[in-house]
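In what follows, every chain begins at residue 1, and chains take the letters A, B, ... in the order their sequences are listed.
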Protein chains: 2
Amino acid sequence: MKEVTLKDIAQILGISVTTVSKALKGYKDVSPETRKSVLMLAENLNYKPNAVALNLKNQETRTIGVIVPEIVHNFFSSCLHGIIAEAEKNGYLVIILQSGESDLLEQKQLEMLVDKRVDGILIAIADATDEYSHIQRIIKKEIPIVLFDKVTEQLPCSKVTIDDKKAAYNAVKVLIDSGCKKIAHLRGPLGASNAVDRHEGYVSALEAHGIAYDPSLVYMCDGYSINDGKQHAEDAYKENPDIDGVFCITDMVAAGAIAYFNEEKISIPDQISVMGFSNSPISSIIRPSLSTVDQPGRQMGKEAVSLLIEEIVKLKKKEPVEHYHVQLPTNIVVRDSVKSNPRP
Amino acid sequence: MKEVTLKDIAQILGISVTTVSKALKGYKDVSPETRKSVLMLAENLNYKPNAVALNLKNQETRTIGVIVPEIVHNFFSSCLHGIIAEAEKNGYLVIILQSGESDLLEQKQLEMLVDKRVDGILIAIADATDEYSHIQRIIKKEIPIVLFDKVTEQLPCSKVTIDDKKAAYNAVKVLIDSGCKKIAHLRGPLGASNAVDRHEGYVSALEAHGIAYDPSLVYMCDGYSINDGKQHAEDAYKENPDIDGVFCITDMVAAGAIAYFNEEKISIPDQISVMGFSNSPISSIIRPSLSTVDQPGRQMGKEAVSLLIEEIVKLKKKEPVEHYHVQLPTNIVVRDSVKSNPRP
DNA sequence: CTGAAAGCGCTTACAG
DNA sequence: CTGAAAGCGCTTACAG
């Protein structure tokens, strides 16, 4: 069915499109009678301005694009929840794309969003991405972009993350305080900023507590699945039967580790304590329940959108934009996978 | 930074916009030299057609809108994964909105999508929605729309679901075959089509196996959270201490039931068997592991987009569109929460 | 108070 | 082979 246009209204009323437009937009220089008849007819015909025409005219789409590595992932879907809600509140709609942690897809999708003329872009960088010229290009074009969760310091733009290093430090400290002396780390890929930061936090927590950092206790997961956790927990345990703690990059990886230890009848937390990261629902469902870092996904998404929209608005007004790196606070949720009352 | 337009190219080359457009689009009636210089300059300037202008011209946006009740939910995010991937493959981008199971929000968001001029809409109907005039209006406007997962038979449009009734029948049959005689059902809201169908499947499985249907064994969950499951498992057990099986509307609800039974040292599956629905990751992580119905979310999303795009294309070509109700097959994953080898 | 004109960036039927 | 004109649906500076 054909949508009603200004032209239709103008023709019916025998006046010009200009006048109809003005009446609808509340311009003063329209006679009360004309205004009234226009408004009434528009109402009756259920006139809705054509957003596409407005977009062309206004050079904006009131749409923002988001690229996440994977939508079926509690943390990212939480971010998306926050993003969509906050964007909607500000009159923006959200287009979502998944890179699958692939740099090639990420590049292609970024271009699709630019071609689509979105007003701004939010991105959590794929693990496989190791150079940022595609993002640099967006910045050069002055398209507002905000990085979240997986970011890089190499780009001049706003970022929203938690303090991954500090969060990891605190998580490992909990393990140490509970009595662990030999803590393995199932880490994430080298290309992922948060994996790098969490590894650093792990190292510095050890060193701050008089435990020598032993690189052979660090195992690199390719992905973040339960199987990655199982696999590497097995490797870690077989190569170092005396480990008494495992710090995992992700709750899913931790769930895999727990599954392995349970199968092998290795007692958690008595023999080995396990620490996860994210506080996803599985951490309270798994047995023993998983101690983990609470990572505020929804708030991260909300914060990222706010920064982005601020930039979009400033850009429109030709005001200078500043860049921020917002770091959201985290806290640790201690559950049964770590010994309590360690120091009697 | 200003984007390059046809006008820019035309001015630099001293030719008309028309000719530039034709050269770029490979029209025959352009001299080889002109074509070449246009192509080269466009390449150098990295010219990209303005999608918004094309949208206005072509009366299409190559965008589809999706409304789901909740994105942070394994099943729906799986659907979205399928939707986004399949849409992308066909050159469509996807705008996502969450109704939060609210009819009011659903109505508002549907209107936003229409105003946005999306080419088509995918929707999983909110639990609170009990009349469909807002969707009926979309259909009258001839905007392609496909319902998925939570649908209604009252609307003349395509639908993609599983056969919830049959899936529930089979799930309850597994409980019965394992020896259960008194099976409670933690069901979903009355407004949700899948909850209604699953309840029907539950009833008919009982009756087909000579077990009288007892409405007092059915408990209505308001939501789908762990707590809903805990709460109602407790109610069910306290009011009927002799139940030996529980069929849950959702894996999360089942997880709550398991948590309650574990806390109360009620042995699963020896005293009570538990059956979930969806086969989300938690079903293999929880202990005892959860028997459940595997619900192919990603495929459902993919199927729904395919149907939708087919309609969009046919509409464009003014061909008649037909409506289908695609029902995806499911199968049951039996795990430790149900007794095996029941009939020795 | 009203409306013709120009413009957002593109396409295409048509005239030359 | 080239380009002026009309049009997608809207807005707004300007003339009357």
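- The shortest distance between the side-chain N/O atoms of B:Lys25 and the OP1/OP2 oxygens of C:dT12 is below 4.0 Å.
- The side chain of B:Thr34 contributes an N or O atom lying less than 4.0 Å from OP1 or OP2 of D:dT2.
- Put simply, the side chain of B:Leu24 reaches to within 4.5 Å of the side chain of B:Leu6, judged on heavy atoms.
- No engagement by B:Val52 is indicated, since no non-hydrogen atom pair under 4.0 Å with the nucleic acid exists.
- At the phosphate of C:dC8, OP1 or OP2 sits under 4.0 Å from a side-chain N or O atom of B:Lys7.
- As rounded to the nearest Å, D:dA6 and C:dA4 have C1' atoms that lie 16 Å from one another.
- In this structure, B:Arg117 and B:Ser16 both approach DNA chain D, and ranking their closest nucleotides by distance from the 5' end singles out B:Ser16.
- Residue B:Thr19 is the one, among B:Thr19 and A:Asp29, whose nearest nucleotide of DNA chain D lies closer to the 5' end (criterion: closest heavy atom).
- Note on B:Thr18: a base of the nucleic acid sits closer than 4.0 angstrom, heavy atoms only.
- Distances shorter than 4.0 Å separate some side-chain N or O of A:Gln59 from OP1 or OP2 on C:dG9.
- Put simply, A:Ser31 has a side-chain N or O that comes within less than 4.0 Å of OP1 or OP2 on C:dT2.
- Phosphate contact (OP1/OP2 of D:dT11, side-chain N/O of A:Ser21, threshold under 4.0 Å): present.
- Using bins of under 30°, 30° to 60° and over 60° for the plane-to-plane angle, the ring pair A:His134/A:Tyr132 lands in the parallel bin.
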Taking only Watson-Crick and G-U wobble pairs with both distances under 3.5 Å, what dot-bracket line describes DNA chain D, where [ ] shows pairs that cross earlier ones and | shows pairs with another strand?
|||.||||||||.|||

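- Ion pairing of B:Glu86 with B:Lys89 is present here, as a side-chain N (NZ or NE/NH1/NH2) and a carboxylate O approach within less than 4.0 Å.
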